[in-house]
There are 2 protein chains.
Amino acid sequence: MVGAMSQAAGECPQASPWSPREAEILAVTLQLLQEHGYDQLTVDAVAGEAHASKATVYRRWPSKAELVLAAFTEGVRLVGDPPNTGTLRGDLLHLGEAICQEGGQHAGTIRAVMVEVSRHPKLNEVLQNQFLKQRKAVLQHVLRQAVDRGEISAEVVTDELWDLLPGYLIFRSIIPDRPPNRRTVQALVDGFLIPGLTRTSG
Amino acid sequence: MVGAMSQAAGECPQASPWSPREAEILAVTLQLLQEHGYDQLTVDAVAGEAHASKATVYRRWPSKAELVLAAFTEGVRLVGDPPNTGTLRGDLLHLGEAICQEGGQHAGTIRAVMVEVSRHPKLNEVLQNQFLKQRKAVLQHVLRQAVDRGEISAEVVTDELWDLLPGYLIFRSIIPDRPPNRRTVQALVDGFLIPGLTRTSG
């Protein structure tokens, strides 16, 4: 049982890559981001608020964009734990609602990260390795469990659309006026994801 | 027949709100955006390239963000014409592929517009009225036609997820490394949209 849990954790690595002090600086960064937004954020303010020297911050994160991306991925890391409700529907609802919360709290940061990541291949690499890989593993874990329970067939699990649930919900979070909520997630899961994943291929 | 066509056109208004001279300035803006990106764009460069005075440009679009949003909505206006392939699947594939093209050409502009629109309520209004309203009308038109043909039942057409197809494809266009293509659209349409829209509600 412990072995199985470690294996599951190994498949969805969620351990923080940061020291407690670094994690503290990132938490301060995230808080300032939520209060003032990406453009207003300065490394000076982060260092001041975290009682760290600017050199300490810059040594670890040479640019503001790197600092912000690290703060974001660290801040949403825990939300990414694989759910285990016992049904595919329950797991998808759980994941979807967590993503809505994330999107609501960090919409401005996500928009800024998308701009920065598109400009800097190195940042993109960090996003891929520190964030997207784990998210994909969580989704795949949920689907594999549903296959094991006999809820869906293995053939419907493909790479192409692994991020349909998070992708649409993040889209809704970063456009104005229509933040997704529990009803959005239910409509998506019951109206499209479950019908699609349980379809009998013709 | 002509009456029916006018009515359909009235439901999905696609007429340009700009004079030919204004449309020309917007086309120049869009070209410079594709070449140099949002941050590098200046109203000076647009005026120079379009052989217009800066005052002329500023009189119509008082800020760079307004100019860029107008250029974007005008540039993708024509792509938004309602398809009429005779089947729901055909119409959705057609729309999806058009959105992939749009997303591929304008990813940087879309990212920048998302940031600007979130900051300026007035820009958001323009986005809603000059762009999203029309897109929603096109999607609804496609679904209504499918209802009329007996392909789907009217109850599956809801407001909550009207933008699932464009929303996911735009998400894929603005994150790095995974631009959506014809295969993405097919997987989405055949794997989720058609199964969801044709499901027999339980």
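Letters A, B, ... mirror the listed sequences (proteins, then strands); counts begin at 1.
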Among the listed options B:Asp163, B:Val113, B:Asp39, the residue most often paired with chain A at heavy-atom distances under 4.5 Å: B:Asp163
Relative to chain B, which of A:Asp177, A:Thr198, A:Thr158, A:Leu169 shows the most heavy atom pairs under 4.5 Å? A:Asp177
Can you name the residues that form a salt bridge (Lys or Arg N to Asp or Glu O under 4.0 Å) with B:Asp148, not counting sequence neighbours? none
Looking at every non-hydrogen atom in both residues, tell me the closest pair between B:Arg199 and A:Pro195 and how far apart they are. CD-CG, 3.8 Å
Would you say B:Met114 and A:Val115 make side-chain contact, with heavy atoms under 4.5 Å? no
Tell me, side chain or backbone of A:Leu164 under 4.5 Å from chain B's heavy atoms, or both, or neither? both
Under 4.5 Å to a heavy atom of chain B? For A:Ile170 that would be side chain
Write out, in numerical order, the residues from residues 17-29 of chain B with a heavy atom short of 4.5 Å from a heavy atom in chain A. none
Counting only non-hydrogen atoms closer than 4.5 Å, can you tell me which residues of residues 178-194 of chain B sit against chain A? B:Arg178, B:Arg183, B:Thr184, B:Ala187, B:Leu188, B:Asp190, B:Gly191, B:Phe192, B:Leu193
Atom pairs and distances, side-chain donor-acceptor, residues 105-112 of chain A, under 3.5 Å, sequence neighbours left out:
residue, atom, partner, partner atom, Å
A:Arg111, NE, B:Ser118, OG, 3.3
A:Arg111, NH1, A:Ile174, O, 2.7

